[in-house]
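Here is the structure we will look at, set down as structure tokens.
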Amino acid sequence: MSFPVAFYSPVASITQDEEKARKAKMAIIMERYKDKVLALPRKEIDTNLHLCKYEGFWYHHGFWLHSNANFSVEAIMALQDEFQALPTDVFLSSQVKSGTTWLKSLGFAILNRAKFKIDKDSWATHPLITTSPHDCVPFLESESFLNNPSYANGLMSTHIPYTSLPQSIISSDCRIVYIHRNPKDMLISLWHFMNTLREDGSSPTKLDDTFELFRKGLTPNGPFWDHAIGYYKASLERPNKVLFLTYEKLKEDTYNEVKRLASFIGSSFTKEEEDDGSVQEIVELCSFKKLSEAHKGNKDGSHSSNGIYFRKGIVGDSVNYLTTEMIKTLDEIAKEKFDGLNISF
């Protein structure tokens with residue numbers, strides 16, 4: 001069984017020389033943290049997947065990931081030691097398969113609307129259409145391995161739990177936006193994604209197996225519930241710096257949630273923009289329908305494909321896959337974990 005691995009941005013690493021330098025730097029980081037990683041608790045999921053526990057969460061480690069070590073625990077450690085956030089930075093955080101692509105699209109379109117036109121006549125040349133939201137907004141975790149990181153972009157994404165973020169992010173005036181999703185829907189999306197990524201011709205992972213791992217918190221950056229709680233509590237303690245969104249509310253009231261997002265990240269829409277339809281243009285540009293259509297031809301399951309990020313993009317699809325007992329189990333865990341917290345979905 002294997003779990004999805006975040007991909008470094010092709011935009012930030014486009015030459016063979018850069019790729020070679022990236023792998024060399026990766027080897028140095030793997031070696032630097034080898035002893036520290038070997039001392040961590042670990043869990044063998046199967047012969048091809050080993051997770052280790054660091055600061056309360058589970059991660060891949062570089063020895064098993066080899067050249068795809070972007071999301072390894074070593075990457076987290078390197079960021080904690082080296083990354084310096086700027087007060088103007090914006091970080092878009094999420095668990096895997098919880099709305100990451102959508103949030104990246106919205107954040108990029110909002111912050112760059114003066115540079116890249118958002119009217120329908122300009123959509124064909126917009127970077128979200130011509131490349132990918134994941135190219136436009138790099139993962140912070142993959143930046144550790146780049147000799148020329150994209151830090152200057154000012155807009156980055158991450159799956160790192162709040163309590164494990166580099167201290168410079170916590171202590172600076174930068175802003176963090178977190179998107180949370182119903183764990184049942186996230187699980188089904190994760191399961192489909194895992195099977196899409198299989199490249200060895202092996203049999204698809206069974207839902208029962210994925211459910212058991214998810215229930216036990218044994219997913220990269222898991223447990224899911226603890227990940228959400230960390231950002232939720234931070235949003236209460238630092239409401240001007242941490243915004244907690246939910247996938248479901250974003251689906252239900254996209255227009256007003258996009259306005260809320262823009263205001264939080266310091267790029268509010270003017271009355272003129274609201275009146276001329278700019279908000280709605282961004283909503284439609286970043287919609288599942290538009291982006292999935294733009295990238296539907298690139299869905300071969302390889303790590304360079306963009307189409308693999310788009311399946312259904314709906315709320316409540318889990319009822320079509322999970323048994324009554326599975327639903328009951330996950331609801332009970334959520335009730336226990338989120339007790340006393342206003343985390344809904």
Side-chain angles (χ1 to χ4, degrees), residues 6 9 11 88-120 122-140 150 153-159 174-182 185-186 189 228 231 235 241-270 273-274 276-295 306-307 309-315 345:
S9 170
V11 170
T88 53
D89 286 341
V90 174
F91 295 92
L92 308 178
S93 186
S94 64
Q95 259 280 20
V96 295
K97 307 313 297 174
S98 293
T100 305
T101 307
W102 194 11
L103 184 59
K104 282 188 175 190
S105 303
L106 290 170
F108 183 85
I110 290 169
L111 289 176
N112 291 280
R113 64 186 186 273
K115 183 177 182 180
F116 302 110
K117 294 181 179 180
I118 55 174
D119 60 281
K120 288 184 174 65
S122 303
W123 283 359
T125 58
H126 197 282
L128 291 173
I129 303 300
T130 59
T131 57
S132 158
H134 298 287
D135 295 335
C136 297
V137 185
F139 276 110
L140 178 61
S150 305
N153 288 355
L155 179 65
M156 286 164 277
S157 176
T158 184
H159 291 319
C174 63
R175 292 168 185 175
I176 302 169
V177 180
Y178 184 78
I179 187 165
H180 172 68
R181 190 181 188 184
N182 184 319
D185 286 348
M186 178 271 189
S189 185
Y231 280 95
S235 73
K241 301 302 177 186
V242 183
L243 176 65
F244 191 92
L245 300 176
T246 68
Y247 186 90
E248 292 72 25
K249 182 65 174 177
L250 192 56
K251 289 287 289 186
E252 175 188 342
D253 190 9
T254 309
Y255 186 92
N256 286 313
E257 287 295 279
V258 167
K259 287 175 57 180
R260 181 181 172 213
L261 171 62
S263 176
F264 181 80
I265 60 179
S267 189
S268 298
F269 293 102
T270 64
E273 286 180 309
E274 292 187 39
D276 69 16
S278 294
V279 181
Q280 188 60 34
E281 295 277 13
I282 286 180
V283 168
E284 294 181 21
L285 170 64
C286 299
S287 68
F288 179 88
K289 181 177 185 295
K290 181 61 183 178
L291 292 179
S292 61
E293 286 179 351
H295 300 293
N306 295 321
Y309 297 108
F310 305 96
R311 191 178 68 88
K312 289 185 177 180
I314 62 177
V315 172
F345 40 80

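Computed from a predicted structure; not experimentally measured.
- You'll find the side chain of Val242 stays beyond 4.5 Å of the side chain of Val177, heavy atoms only.
- The SG atom of Cys174 sits 8.5 Å away from the CE atom of Met156 when rounded to the nearest 0.5 Å.
- Here the NE2 atom belonging to His126 is positioned 7.0 Å from the CG atom belonging to Asn112, to the nearest 0.5 angstrom.
- Note that CZ of Phe269 and CG of Leu261 are 8.0 Å apart. Values are rounded to the nearest 0.5 Å.
- Leu106 pairs in a side-chain contact (heavy atoms from CB on, under 4.5 Å) with only one of the listed residues (Leu111, Leu250, Val283), which is Leu250.
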Exercise for the section: Run the numbers on Thr101 and His134 for side-chain hydrogen bond (donor to acceptor under 3.5 Å, both in side chains), then give the verdict. Expected result: CA-CA 7 Å; Thr101 307; His134 298 287; 2.9 Å; yes
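- Residue pairs meeting the salt bridge (charged side-chain N to carboxylate O under 4.0 Å, His left out) criterion with at least one partner in residues 99-115, sequence neighbours excluded, are Arg113-Glu273.
- Side chain of Arg175 to backbone of Asp89: no donor-acceptor contact under 3.5 angstrom is found.
- Ser235 is not listed as a side-chain neighbour of Tyr178, based on a closest heavy-atom distance of 4.5 Å or more.
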Handout entry: Step-by-step side chain to side chain contact (heavy atoms under 4.5 Å, CB included) determination, Leu155 to Phe91
Key = CA-CA 6 Å; Leu155 179 65; Phe91 295 92; over 6 Å; no
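- In this structure, CZ on Phe139 lies 4.0 Å from NE2 on His159, to the nearest 0.5 angstrom.
- Side chain of Thr131 to main chain of Leu128: no donor-acceptor pair is present (N/O by atom type, distance under 3.5 Å, no hydrogens or angles).
- Distance alone, capped at 3.5 Å, places no donor-acceptor pair between the Asp253 side chain and the Lys249 backbone.
- In this structure, the separation between CG on Leu243 and NZ on Lys241 is 13.0 Å, given to the nearest 0.5 Å.
- Within a 6.0 Å sphere centred on NZ of Lys120, heavy atoms belonging to other residues, nucleotides or ligands number more than 12.
- Side chain of Ser94 to backbone of Val96: no donor-acceptor contact under 3.5 angstrom is found.
- Taking Thr158 as the reference, Glu141 meet the side-chain hydrogen bond (donor to acceptor under 3.5 Å, both in side chains) condition, with sequence neighbours excluded.
- The CD atom of Glu248 sits 7.0 Å away from the CZ atom of Arg181 when rounded to the nearest 0.5 Å.
- Each of Phe244, Tyr231, Tyr247 was compared with His180 under the ring-ring contact (aromatic ring centres under 6.0 Å, His included) criterion, and only Phe244 meets it.
- For Ala109 against Leu285, the heavy-atom pair with the smallest separation is CB-CD2, 4.4 Å.
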Exercise for the section: Applying side chain to side chain contact (heavy atoms under 4.5 Å, CB included), run through Ile129 and Leu291 and close with a yes or a no. Expected result: CA-CA 7 Å; Ile129 303 300; Leu291 292 179; 3.8 Å; yes
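- Pairing each heavy atom of Val279 with each of Glu274, the nearest pair is CG2-CG, 4.0 Å.
- Side-chain N or O atoms of Thr125 include one that pairs as donor or acceptor with a backbone N or O of Ser122 at under 3.5 Å.
- For the pair Thr100 and Ser157, the minimum side-chain heavy-atom distance is below 4.5 Å.
- Within the cation-pi definition used here (under 6.0 Å to the ring centroid, within 45° of the axis), Lys251 qualifies as a partner of Trp102.
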Practice task
Please lay out, stage by stage, how Ile110 and Ile265 fare under the test side chain to side chain contact (heavy atoms under 4.5 Å, CB included).
Solution key: CA-CA 9 Å; Ile110 290 169; Ile265 60 179; 4.0 Å; yes
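- The two residues Ser105 and Pro133 make their nearest non-hydrogen contact at OG-CG, 3.1 Å.
- Annotation: side chain of Glu284 is not in contact with side chain of Lys290 (no heavy-atom distance under 4.5 Å).
- No donor-acceptor pair closer than 3.5 Å links the side chain of Ser189 to the backbone N or O of Asp185.
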